[in-house]
Protein chains: 2
Amino acid sequence: MASLTINPATFNTQVAFRRSLEKGALILYDEVESNPESPTNISGSESDSQNQTTETDHGDHDLILKATSVLIADLCQQFDGGHPGGAIGMVAIGIALWRYAMCYSPEDPTWFNRDRFVLSNGHCCLLQYIFMHYAGYRDMTMDQLKSYHSDRLDSLCPGHPEIQNPGIEVSTGPLGQGIANATGLAMAAKHLGSIFNRPGYPIVDNTTWCLTGDACLQEGPALEAISLAGQWGLDNLILIYDNNQIQSDGPVRLTNSEDINLKMKACGWNVINVDNGSRDVNGILSAIHSAKVRNGKPTFINVKTVIGIYTKNSNTRKAHGTPLGEEETFHLKSRLGFDTNLSFDVPKDVADFFASIPIQGAEHVRKWQDLLGEYERHYPDLGTRFRERMNGKAPEVINTVSPFDLSLNVSGWSNSPLSTRDGSAYVIQPYLKRHDCFMVGTADLDSSVGLAWEGKEDFQSPNLSVAKEFRGSYTGRYIHFGTREHAMAAISNGIAAYHPGTIIPITSTFLMFTLYAAPAIRMAALQDLQVIHIATHDSVSIGEDGPTHQPVEVAALYRAMPNLLFIRPADVEELEGAWQAAIASTKMPTMISLSSEPTEQFPGMTNRQSVLKGAYTIIQNERADVTLIGVGSELEFAVQTHKCLASKGIAARVVSFPCQRLFEQQSREYRRETLQRNKGIPAVVIEAFVSNGWERYADAAVCMKSFGKSLPPRQAQAYFGFQKENIVKVVMAFLEDWHNGQVQGEFQELAQIRI
Amino acid sequence: MASLTINPATFNTQVAFRRSLEKGALILYDEVESNPESPTNISGSESDSQNQTTETDHGDHDLILKATSVLIADLCQQFDGGHPGGAIGMVAIGIALWRYAMCYSPEDPTWFNRDRFVLSNGHCCLLQYIFMHYAGYRDMTMDQLKSYHSDRLDSLCPGHPEIQNPGIEVSTGPLGQGIANATGLAMAAKHLGSIFNRPGYPIVDNTTWCLTGDACLQEGPALEAISLAGQWGLDNLILIYDNNQIQSDGPVRLTNSEDINLKMKACGWNVINVDNGSRDVNGILSAIHSAKVRNGKPTFINVKTVIGIYTKNSNTRKAHGTPLGEEETFHLKSRLGFDTNLSFDVPKDVADFFASIPIQGAEHVRKWQDLLGEYERHYPDLGTRFRERMNGKAPEVINTVSPFDLSLNVSGWSNSPLSTRDGSAYVIQPYLKRHDCFMVGTADLDSSVGLAWEGKEDFQSPNLSVAKEFRGSYTGRYIHFGTREHAMAAISNGIAAYHPGTIIPITSTFLMFTLYAAPAIRMAALQDLQVIHIATHDSVSIGEDGPTHQPVEVAALYRAMPNLLFIRPADVEELEGAWQAAIASTKMPTMISLSSEPTEQFPGMTNRQSVLKGAYTIIQNERADVTLIGVGSELEFAVQTHKCLASKGIAARVVSFPCQRLFEQQSREYRRETLQRNKGIPAVVIEAFVSNGWERYADAAVCMKSFGKSLPPRQAQAYFGFQKENIVKVVMAFLEDWHNGQVQGEFQELAQIRI
């Protein structure tokens, strides 16, 4: 293959490369004017695999390849930690992406139409940090690079990339997540482009790039997302596989002998191979050039690399997660021709090679702004809408969609038992229909979760041929994820991260099966991303489906998870509050937990505003003997028990408690006023989940103590003691013990244990 | 294709079919002697797809197909619930499996060498229940069949199959799990066969059959398991795909357009197609015949079926989860030529067709017992070991492997800081090496979790070629799962379920990434399966890897999960107790949560026996002002704080609290004695997790309030307040509030919130 000779001072290679893409033609790099005398020239024969390890095989890419490898070694060595091997093996990919292929502006890391980059193999973050440094991200100074694995609190170089830092699109680290995030980022671009682009005005047309190692491609959520990216024909998604065939345990074939290219093809992807991918920048660029021709399929570039190339640990698992050691770092520098006395050195030629990137980036932004200006003149309404979406303007307050305004009220529903999933449908469907910012997905439970509004259009490739009732296009906002809960949540994180506020993704499945997605739900919480999870069938009252479907313990996880709102509304009025909270919480995910079976409504008692306080008194009693805390679909048992107790001369208060996290945010006065435990009044919580965590608010529990049982809904409840007669009995017995001083300070489980 | 004419009264078709398999030759069914006069004759032209819906297309398979479909309709109709369509579409598969292909004994459902059957699409359980009824499982009476979706507490026909019921190998329902369970069941058979079989003595050679719908094949854990089954060449595994192209949301192509056959081939599977698979029993049998030729690969039989065939909802999503309704049930009977006045009818010809199964089953068992008898005579030692394994004889008590016996003690480790993962390695490796019943897996964290004993052999296909250091075979007991945490746990459930006690699987990964596997960990708890999960790097002290790797909230899930032991030992002595508990708990899974960083040892204070009580006093003080509860690697902070408080004149007790569930099982007296809160002594818990759930045992917490941060281990701890000086300060402030009566009954979070 041709040698590469480019003078970046006189030739803007990135622009040339991009221009060649626009023309649909590949510029051969040896055609470019050369100036071999210039000290900043880049030359090399990277693709000459026969020659790859000889010292004669240098030139300017070679210098960058080697200098960057040495820098990675130094940065891992300083605090004796980090993952050097993968990053070293991917330097050629890094050059191809940050120097040539990606369209971005280091000066403006949140520019709307920038290419998105996701490092799914997040442990190789040094690669990204170093190229961000080269590319001129202002904050990413050498001083910051050196904070990798340090004890600096202000480090922008944590052990895995974190979204809170400029230039990082999503936090990665948990394997497989990044591939799904990238799928979501690519969906968001497709969706926005299909809504807003007009002929000659490609105002949203960015590419999403994702780097993956061997391990991410083994993870279920990645495999689910790969199927979906193929399904949706996301040809703006390019997945680059750092195929070094080494993972933590050793050679990949210890655990994976599959034909990955064939598998990707079977999933509807283009597949391109690159050999010698730790050296051959041109080969990678050639593959990228093919990948950028959008043919209705995402592209998988299988780049054969060598983990820890140049080092003594190359091609072994030792290269994965262990620094080279002082001695080998020294030898590495010596072997590659660097001054062994220098550390953290970026040779001037290397710095110069990237010097034009900020200027080019600014030019990208300026051109796009010009285009947008013209667009706004030609399409003023669309332009206004686009600005609104860019600003992430919050939808009007949901409160305006009162259930009491709905025609449904005419049929008297508000006094009839109604499941909260059906209540949610009534509350939210008109709103979802009206507000374009919502993309609503379901894990094959379309008809069970109540989010599909009338006339909704599916998000689908226009190439998909299905029956008219399922019509879809990229403008569609309803997403059939299939039974892929984990990818649903992880892809939704990517959609939310595209430009926070522009699209608010909603997922839906049974509460039980959100557990499949929990690692991705966590990642939204960790990244302050607004994703709303609708979790239905949230109790043993799901009934006959039995214990595999009855989620007795998963709420404990979500209530414990930082920065997540877990809300269990009791009726339609509380649903209004729950949805308000979810929509208002722009910096965190929310899960709304809903019942599948009809439960009572409490008109005049429940209150949407009070839901925002987490808990509130719905039946007050100044001389109460006990506070009954009802949660979600079990509030009806608290209210019923209150009435029965009254008939026996026992005064109870009733508190509805939809959200622990919101309650924790209230003042101590409000919390005391609501619970009144400081007055010596004991509290009993009633919820068809295990009691773990309720000990903070109650003295006793009518809760689950075991997994559930396959029985019809009401029988399942009764079997576990959720029945007013039983609750009255156990609460009275508890109060007797309480007054006898038997149980203070010792949380009591009151529900009879049946199995 | 040939018509089928068999008289089951005179010809044992199952035996013939199996015999043909043994010979490696396919018997054509029209070669079988026929008796067309017999009323129990079976005839049909099932493979004539041109003719499939005409009323002339009947015969005895046709009768079974139709009568079973009607029975499914009746059973769903009686309580207006259940999933009829999938079961109806799979009746032909059911006939092929239960009548011809599977080797089992209804009279002896736990016969060791039986074929294992897994219904991954568990919602279609009526299919399994009905064929179990046909096949003569004693408990599966018609009365029991009619309990499907009833309120009967003793039902053997819950909404999804449950392992507790005779003849059910694993509980299924959560999609994707079954495929992974089947992979584990097949591994167990391969492993035991490779250990115990001798030429002429195939004492463990059963086949594992798994039925899957479209949805399971979309789930990440199934995709992970499929890769692994291909990796391991499990040619004793046959996955039958009920390819009806309909799922809950509608046509499968709404969410999946991939080439599944190509994907399975890429993963190393044999692929066989069957057209007309809702009718063509012979076609299915022909495919099965090919599948049973063991060629070093698992087999995927792609059976094209019609959901709800015969019904008006056929081939639509309405057929999936909705009973037909009274009217259509009536019409279905009428259309198929059945008496519309009869319900739950099993025609005599149908019953007769299966009449020989119990006899054949008993014969299978008898022959195998004879074989085993001969085997024991030829190989008495092996025979004894095999009996032991069949009896699930518990390994000797781990207590005999005392750390104080180990040579390690010589180097004084017991007084030196040591991470509990390293402690665990010292405690358990010699034991794992010695006891064949353990199969130990890791999700690509071999060198991080400390379970790989010296000289361990990997579980691998003998066809795999790898470097000598990674030698493997089916006798190997160390499993490289790759980064497939979910499949690791779900496959381990299958291994454990093969014959509980025969193999005890152990998994290992970081505590954070057990969350990927949580749905499968739950399924072990629900099924009373002994699986031991080793969860390392269990605190913010994992350090630089940052918040994506620091598990602050997941312990709350496991502590809330019924029937799971979650144990966090503090040092090597407690590790002994933790492992003892895990090994002794034969009816539940255990998770042992371990630190990655060195922490103090407490010789003479910690106590292995007391770990079995969940919590115990390690520093007593008769006049204590406060009880400090230390957990796992944070016990050292409790002990340090105790000392500092003493120097300030404050008397503290210290309680080590490795396991909440074990503590809950203790008497009230023991619990009071340990915590002493009833004496008015406040308790402060110290753990680097969120405090949710500790409110039951403590009045205040030095716990996490947020996600973690990427910092070196000790700095990460200090950043969040885990540092003796800080703890002393906040505990003293708390005690002041306590004595002033400011905080009683209101759980206090003491750790400073830093981010």
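Here is how names work: the chains are called A, B, and so on, in the same order as the sequence lines, proteins then strands, and each is numbered from 1.
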Option that, when pairs with chain B are counted at under 4.5 Å, heavy atom only, ranks first among A/R152, A/R668, A/K265: A/R668
Proximity breakdown for A/V690 and chain B, heavy-atom pairs closer than 4.5 Å: side chain
With a 4.5 angstrom heavy-atom cut-off, which part of A/R714 approaches chain B: side chain, backbone, both or neither? neither
Interface moiety of A/Q744 toward chain B, non-hydrogen atoms closer than 4.5 Å: neither
I'd like to verify something: which residue of A/F747, A/Y516, A/Y697, A/Y558 has the highest number of heavy-atom pairs under 4.5 Å with chain B? A/Y516
So what's closer than 4.5 Å to chain B heavy atoms on A/L175: side chain, backbone, both or neither? both
For B/V252, is it the side chain, the backbone, both or neither that has a heavy atom under 4.5 Å from a heavy atom of chain A? neither
With a 4.5 angstrom heavy-atom cut-off, could you sort out which part of B/A487 is near chain A: side chain, backbone, both or neither? neither
Checked A/D151, A/L557, A/D249, A/L223 vs chain B; the most non-hydrogen pairs under 4.5 Å come from A/D249
Using non-hydrogen atoms only, which part of A/L526 is less than 4.5 Å away from chain B: side chain, backbone, both, or neither? both
Answer yes or no: is there an ion pair linking B/R677 with A/E746, defined by an N-O contact shorter than 4.0 Å? no
With chain A as the partner, which of B/S171, B/P158, B/A556, B/P712 has the greatest number of non-hydrogen pairs under 4.5 Å? B/P712
With heavy-atom distances below 4.5 Å as the criterion, would you say the side chains of A/N692 and B/N692 are in contact? no
Find the one option among A/Q527, A/M512, A/M561, A/E544 whose heavy-atom pairs under 4.5 Å with chain B are most numerous. A/E544
With chain A as the partner, which of B/P547, B/A716, B/A518 has the greatest number of non-hydrogen pairs under 4.5 Å? B/P547
Turns out that what part of B/Q715 lies under 4.5 Å from chain A's heavy atoms comes down to side chain
Against chain B, work out which of A/S227, A/G745, A/G546 has the most heavy-atom pairs shorter than 4.5 Å and name it. A/S227
If you count heavy-atom pairs under 4.5 Å with chain A, which of B/L464, B/D699, B/D259 comes out on top? B/D259
Part of B/E162 lying under 4.5 Å from any heavy atom of chain A: side chain
Search all heavy atoms of B/T548 against all heavy atoms of A/G173 and return the closest pair with its distance. OG1-CA, 4.2 Å
Could you tell me if the side chain of A/E553 sits less than 4.5 Å from the side chain of B/P562, heavy atoms only? yes
Less than 4.5 Å to any heavy atom of chain A: does that hold for the side chain of B/L254, its backbone, both, or neither? both
Pair A/S465, B/R253: side-chain N/O donor-acceptor within cut-off below 3.5 Å: no
Which atoms of A/M704 approach chain B - backbone, side chain, both or neither, heavy atom under 4.5 Å: neither
When you check the side-chain N and O atoms of A/R317 and B/S447, is any donor under 3.5 Å from an acceptor? no
Is B/L153 close to A/L711 at the side-chain level, that is, under 4.5 Å between some pair of heavy atoms? yes
With sequence neighbours left out, write down each residue that passes side-chain contact (heavy atoms from CB on, under 4.5 Å) with B/A520, or none if nothing qualifies. B/Q177, B/H486, B/A489, B/A490, B/N493
If I measure from the heavy atoms of chain A, does B/Q742 come under 4.5 Å with its side chain, its backbone, both, or neither? both
Checking heavy atoms, do the side chain of A/P161, its backbone, both or neither come under 4.5 Å from chain B? neither
Among B/A222, B/S257, B/G82, who wins on heavy-atom pairs under 4.5 Å with chain A? B/S257
Hey, which of A/K263, A/E258, A/R559, A/R522 has the most heavy atom pairs under 4.5 Å with chain B? A/R522
Output the option from B/S155, B/A225, B/A560 having the highest count of non-hydrogen pairs under 4.5 Å with chain A. B/A560
Sequence neighbours left out, what passes side-chain contact (heavy atoms from CB on, under 4.5 Å) with B/H83? Give chain and number order. A/D545, B/H123, B/H320
Counting only heavy atoms closer than 4.5 Å, note whether A/E469 contacts chain B via side chain, backbone, both or neither. side chain
What part of B/L228 is in contact with chain A, defined as an atom under 4.5 angstrom from a non-hydrogen atom: side chain, backbone, both or neither? side chain
Test B/T255 against every option in A/R484, A/Q460, A/H480 by the side-chain hydrogen bond (donor to acceptor under 3.5 Å, both in side chains) rule and name the one that passes. A/R484
What part of A/F513 gets within 4.5 angstrom of chain B, counting heavy atoms only: side chain, backbone, both, or neither? side chain
Side chain / backbone / both / neither for A/A517 at chain B, heavy atoms under 4.5 Å: neither
Contacting region of A/F481 [heavy-atom separation from chain B under 4.5 Å]: backbone
Please name the pair of heavy atoms, one in A/E224 and one in B/P221, separated by the smallest distance, quoted to 0.1 Å. OE2-CD, 4.3 Å
Which bit of A/S150 comes within less than 4.5 Å of chain B, counting heavy atoms only: side chain, backbone, both or neither? backbone
Tightest non-hydrogen contact, residues A/L262 and B/A266, listed as CB-CB, 3.7 Å
Of B/G159, B/S248, B/S710, the largest count of non-hydrogen pairs under 4.5 angstrom with chain A goes to B/S248
Pairwise side-chain contact, A/P251 with B/F470, heavy-atom cut-off 4.5 Å (strictly under): yes
Turns out that what part of A/M264 lies under 4.5 Å from chain B's heavy atoms comes down to neither
Can a salt bridge be assigned to the pair B/R696 and A/E749 using a cut-off of 4.0 Å between side-chain N and carboxylate O? yes
Report which part of A/D458 has an atom under 4.5 Å of a heavy atom belonging to chain B: side chain, backbone, both, or neither. side chain
